[in-house]
Amino acid sequence: MARMKFLCDLERCIECNACITACKNENDVPWGINRRRVVTVFDGEPGERSISIACMHCTDAPCAAVCPVDCFYTTDDGVVLHDKDICIGCGYCFFACPFAAPQFPITASFGNRGKMDKCTYCAGGPPLDKSAEERRQYGSNRVAEGKLPACAEMCATSALIAGDGDTIAGIHRERVKTRGYGAGPWGWTMAYGAVERQGQKRQGGQTS
Amino acid sequence: MMLSTRVIGRRLQRSFVTAIPVLLLLFTAMGAAAQETGQVSLAEPNLNAELWRAVREGTAPVVGASQVQGTGTTIPITEGGPRWRGARQGYLIPWAGWLIAGVLALIVVFHLARKRPAPVGGENGQIERFAVYDRILHWFQAGVFIFLALTGLILLLGRPVLLPLFGPEAFGAIASASKEGHNLFGPIFLLALVLFFVRFVARSGFARGDLRWVVKGGGLLRGEHLSAGFLNAGQKLWFWIVMLGGLALCVSGLILVFPQFGQSRELMQLMLLVHGIAAVVLVALLLGHIYVGTAGVPGTFRAMNTGKVDADWMRAHHDRWYRESKEKGLVEKPQA
């Protein structure tokens, strides 16, 4: 079976926020709930990078581990979903998540948070696939139609790609090979020497 | 021209020997460069350990910005969440379970194994030990605390213990009610704590004889009676443990239960751990308090129930207070 993941290519993300807009439109997400967000580091400086972050559908999900009512489950495709009918709105999943993916509609006294909502990989939830109940509670179910999440499909530069983890890792590797830089954390620019980018000749070792 | 193996070998040897100092120089230069900057910089990508540590920890100078507003939205990733998960799931939950079960088992074994204490007499009169207000405060605090303890334990230990018994839907309903009840009654416990403190603090100061009482374990193990005042050292200790533990519970609880003031995830994680540890320790000690106040020392429970205790019991367990009360003429003679 596939293990569905997201991958956001830092060299391609242009902070257009189309992924967020696509998600909110596709899933009728209420005001204030942010299933996906774009974070920009070194904003305005040379070397600015943006990354689109939502639920990462972890294989060993911390949210699922700490839930007091065990309302999370993982589908056969590796998508991490939860049952809003069982959720008690305690917020523990939000505290455990490294990416702050879980969202709550209310923040009020006595720990009143409402039901947790998060990125579903456009794979709906426990109710019957493509039913009105599923649409109302969890948003669209594109995976049931054989489609990929709306955010990745909408990405203007194909920075955000979704699919089986091995497949998208392979896509990213091909990109790095072709462009000769920007493999991720360690840059690898030294190994690939001088690079031509946007008409500027850059020496190996410089990424900006 | 074919090179002999000896020639090739010697050439390899020479190039190898030359390479070592070159490599050493290169690594030293790289190391020196890294040390010189010692700061986050994208100009030296392969040496950006500092950069990626800052990203992982969500600290400056890697401070993100986002169009999306909310708690933690400007931070790409943090390790605090999974660390808290490890502490809660790996340590707090199993240790809580074993501690509470262990204390319960210890009490049962102790009670079954000990020599039954002699029954309390009834011929020498009674004295009022706790006034109506004392008893109201005690049971108010006890009731609220037990409710909070039960609902809190359902949230902490319910998933491994109760979920298999009740199934997801039923347990979800129980847990939801527990969470709502726990969060509503938490601030009420603060009120109970404050009232109780004001009422009992004067009687709970440590005095001469308390250390000896503690060192001898209150005489519980040997079944002997030690000298004590109105409250023995164990009772005074329990008062201070409840006050301080309760303070920790209330402070952490208030921070947790009013999340609309922008508390960070890291603060909530810490408060949940403080809250859980204080609660579990208090519950374990409470089991001892309940035992000693009921089956452990016969004649004690009526003090908090009716307010009056038997004079013989009083002389055995709180002899200094008995003598003071006798002098004041407060010991009621039994009706003929």
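Protein chains get the first letters and strands the later ones, always in sequence-line order, with residue 1 at the start of each.
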Trace of the side chain to side chain contact (heavy atoms under 4.5 Å, CB included) decision for B/Leu163 with A/Asp70: CA-CA 9 Å; B/Leu163 178 58; A/Asp70 195 19; 3.6 Å; yes
Which portion of [X] sits near chain A, non-hydrogen atoms under 4.5 angstrom:
| X | value |
| --- | --- |
| B/Gln69 | backbone |
| B/Leu272 | side chain |
| B/Pro160 | neither |
| B/Val257 | both |

Residue pair [X] / [Y], side-chain heavy-atom distance below 4.5 Å:
| X | Y | result |
| --- | --- | --- |
| B/Trp84 | A/Tyr92 | yes |
| B/Glu79 | A/Pro98 | no |
| B/Thr71 | A/Phe94 | yes |
| B/Pro76 | A/Phe99 | no |
| B/Pro168 | A/Val69 | no |
| A/Pro68 | B/Lys179 | no |
| A/Glu15 | B/Gln67 | yes |

Between A/Ile53, A/Val66, A/Val41, who has the most heavy-atom pairs with chain B when the cutoff is under 4.5 Å? A/Val66
State whether the number of non-hydrogen atoms from other residues, nucleotides or ligands found under 6.0 Å of [X] atom [atom1] is greater than 12.
| X | atom1 | value |
| --- | --- | --- |
| B/Tyr91 | OH | no |
| A/Arg175 | CZ | yes |
| B/Arg56 | CZ | yes |
| B/Phe185 | CZ | no |

Considering only heavy atoms, which portion of [X] lies under 4.5 Å from any heavy atom of chain B: side chain, backbone, both, or neither?
| X | result |
| --- | --- |
| A/Val38 | backbone |
| A/Cys97 | backbone |
| A/Asp60 | both |
| A/Ala61 | backbone |
| A/Cys67 | both |
| A/Asp43 | side chain |
| A/Ile20 | side chain |
| A/Ala65 | both |

Which one, B/Ser176, B/Pro187, B/Ala173, B/Gly80, leads in non-hydrogen pairs under 4.5 Å with chain A? B/Ser176
Using a cut-off of under 4.5 Å on heavy-atom pairs, state which of B/Ala175, B/Gly72, B/Pro82 scores highest against chain A. B/Pro82
Nearest 0.5 Å please: distance from the [atom1] atom of [X] over to the [atom2] atom of [Y].
| X | Y | atom1 | atom2 | result |
| --- | --- | --- | --- | --- |
| B/Gln269 | A/Phe95 | CD | CZ | 8.0 Å |
| A/Asn112 | B/Asn183 | CG | CG | 8.5 Å |
| B/His182 | A/Cys90 | NE2 | SG | 12.0 Å |
| B/Arg85 | A/Cys93 | CZ | SG | 13.0 Å |

Evaluate A/Ile88 against B/Leu155 for side chain to side chain contact (heavy atoms under 4.5 Å, CB included), listing each step before the verdict. CA-CA 10 Å; A/Ile88 63 175; B/Leu155 291 171; 3.8 Å; yes
Are any side-chain N or O atoms of A/Arg37 and backbone N or O atoms of B/Thr73, one a donor and one an acceptor, separated by less than 3.5 Å? yes
